[in-house]
Amino acid sequence: MNNKNFIPEVKFDLAPVELEAEYLYFFSKIEPRFSAIMNRVYPELDGIIEKAKNKEEAILKCREFAEKVIGKNREIIIKAKDIFQNDWSMVSREFLETLATHFETEWPRDRGTITAYISMVPIFPRFLDKYSFYVGYKVNSAQAREIIAHEILHLLWFKKWKEVFTEIPSNEYESPHLTWRLSEVMDPIILQCHPGLKSLIQPTGWGYPSFKALKIGDISMTEYFVKVYMKCLQEGHSFEEILKILWREAQEHKEILEKF
């Protein structure tokens, strides 16, 4: 397979304020997994939302809050965008090519641009349908490189996933479904354990902090899936077969994965 035929551009832009407002509200009130982070970073936001009469008013208040924060920090945010883009440009093409080779698939030609939105939101969602994701402006360049790699890996992972598991609907690619949970477990493992990707990104993270408390047998959940993945690589499995093996393991240990 020749993955050099097409490689998308990774474009950096400031997150639209309307999206900032929606995700400030979502991560504060709808997704409890991240509410503690939101309260720590923006402790005043919860009180602002609580005073709203309904969701629409709450999002409007979040927009006003976002405009205030962005306006105050605009120069810092723009500087972060430039720093992240310059740093990522040094590894972008090789990373995207290496990822496509490993996953044994091609980047879709109708997705010519991947957009990294520089955001005030301290959580970094990805949008599979739009080929975009968030990066927080407060992280340093090394952290940003790892976040960017993590989110881009999700994009191609789910393209390959759809090719292998045609029967699984795309809505299950999102929280809280098992398909999503497996992707969150495996994304940092692949960045840490694939030699070519690791040398480019030099990641430090192994996933959500909540992973640390989860065990399969006598070892951590992460270590368990590292062993499965590394065994697959050592035995020379195709990536399609690797996904099938990982999916069987995820289904077998579903109760553990559903705890984060």
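If you read the sequence from its start, that first residue is 1, and numbering goes on from there. Source: prediction; values computed, not measured.
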Discussion item. Test salt bridge (Lys or Arg N to Asp or Glu O under 4.0 Å) on Glu31 and Arg33; report intermediate values, then the result.
Written reply: CA-CA 6 Å; Glu31 180 49 86; Arg33 183 183 288 110; 3.4 Å; yes

Worksheet item: When rounded to the nearest 0.5 angstrom, what distance separates OG in Ser210 from CD in Glu184?
Response: 10.0 Å

Practice prompt. Would you check if Trp157 and Ile190 make a side-chain contact, meaning some heavy-atom pair closer than 4.5 Å?
Written response: yes

Worksheet item: Under the 3.5 angstrom rule, does the side chain of Ser89 hit a backbone N or O of Asn86 as a donor-acceptor pair?
Response: yes

Worksheet item: Does any non-hydrogen side-chain atom of Phe225 lie less than 4.5 Å from one of Ile216?
Response: yes

Worksheet entry | Stepwise side-chain contact (heavy atoms from CB on, under 4.5 Å) test for Ser132 and Tyr117 | CA-CA 7 Å; Ser132 62; Tyr117 286 119; 3.8 Å; yes

Item to complete: Would you indicate whether the side-chain heavy atoms of Met120 and Phe65 approach each other to under 4.5 Å?
Response: yes

Fill in: Spacing of Leu197 atom CG and His102 atom NE2 [to the nearest 0.5 Å]
7.0 Å

Item to complete: Indicate yes or no for a side-chain donor-acceptor contact from Lys259 to the backbone of Ala213 under 3.5 Å, with no hydrogens or angles considered.
Response: no

Worksheet item: Can Lys81 and Gln85 be said to form a side-chain contact (heavy atoms from CB on, under 4.5 Å), step by step?
Response: CA-CA 6 Å; Lys81 178 184 79 70; Gln85 182 149 24; 4.2 Å; yes

Worksheet item: Going by the angle between their ring planes, with limits at 30° and 60°, are His154 and His150 parallel, tilted or perpendicular?
Response: perpendicular

Worksheet entry | Atom pair CZ/CG of Arg145 and Leu191 - distance to nearest 0.5 Å | 12.0 Å

Item to complete: List the steps and the verdict of side-chain contact (heavy atoms from CB on, under 4.5 Å) for Thr105 and Phe239.
Response: CA-CA 9 Å; Thr105 192; Phe239 200 75; over 6 Å; no

Discussion item. Once rounded to the nearest 0.5 Å, what's the spacing between atom CZ of Phe165 and atom CD of Glu240?
Written reply: 8.0 Å

Worksheet item: Under the 3.5 angstrom rule, does the side chain of Asp87 hit a backbone N or O of Ile83 as a donor-acceptor pair?
Response: no

Worksheet item: If every non-hydrogen atom of Phe84 is compared with every non-hydrogen atom of Gly136, which pair is closest and at what distance?
Response: CE1-O, 3.6 Å

Discussion item. Would you say that Glu56 contacts Leu60 through its side chain, given a criterion of any heavy-atom pair below 4.5 Å between the two side chains?
Written reply: no

Discussion item. Quick one, Glu97 with Arg93, criterion salt bridge (Lys or Arg N to Asp or Glu O under 4.0 Å). Give me CA distance, side-chain angles, the key distance, then yes/no.
Written reply: CA-CA 6 Å; Glu97 288 177 347; Arg93 185 170 188 90; 2.9 Å; yes

Discussion item. Does either side chain, that of Glu20 or that of Tyr134, offer a donor lying less than 3.5 Å from an acceptor on the other one?
Written reply: yes

Practice prompt. Determine whether Val139 and Phe124 make a side-chain contact, defined as any pair of heavy atoms from C-beta on separated by less than 4.5 Å.
Written response: yes

Item to complete: State, yes or no, whether a side-chain contact exists between Leu257 and Trp180 at a heavy-atom distance under 4.5 Å.
Response: no

Item to complete: Could you check Glu50 against Lys29 for salt bridge (Lys or Arg N to Asp or Glu O under 4.0 Å), going step by step and ending with a plain yes or no?
Response: CA-CA 10 Å; Glu50 287 300 323; Lys29 306 307 294 182; 2.5 Å; yes

Worksheet item: Near Asn171 CG, under 6.0 Å, is it more than 12 heavy atoms from other residues, nucleotides or ligands?
Response: yes

Item to complete: Any chance you could measure Phe103, atom CZ, to Thr98, atom OG1, to the nearest 0.5 Å?
Response: 11.5 Å

Worksheet, complete the sentence: NZ (Lys53) and NZ (Lys61) are apart, to the nearest 0.5 Å, by 9.5 Å

Item to complete: Please say whether more than 12 non-hydrogen atoms of neighbouring residues, nucleotides or ligands are located less than 6.0 Å from CZ in Arg111.
Response: yes

Practice prompt. Answer yes or no: is there a side-chain heavy-atom contact under 4.5 Å between Trp107 and Leu96?
Written response: yes

Worksheet item: Hey, does the side chain of Gln192 reach the backbone of Gly205 with a donor-acceptor pair shorter than 3.5 angstrom?
Response: yes

Discussion item. Is any side-chain heavy atom of Pro122 closer than 4.5 Å to one of Phe27?
Written reply: no

Practice prompt. With sequence neighbours left out, write down each residue that passes side chain to side chain donor-acceptor pair (under 3.5 Å) with Glu235, or none if nothing qualifies.
Written response: Lys231, His237

Practice prompt. Output yes when a side-chain donor or acceptor of Asn73 lies under 3.5 Å from a complementary backbone atom of Val69, and no otherwise.
Written response: yes

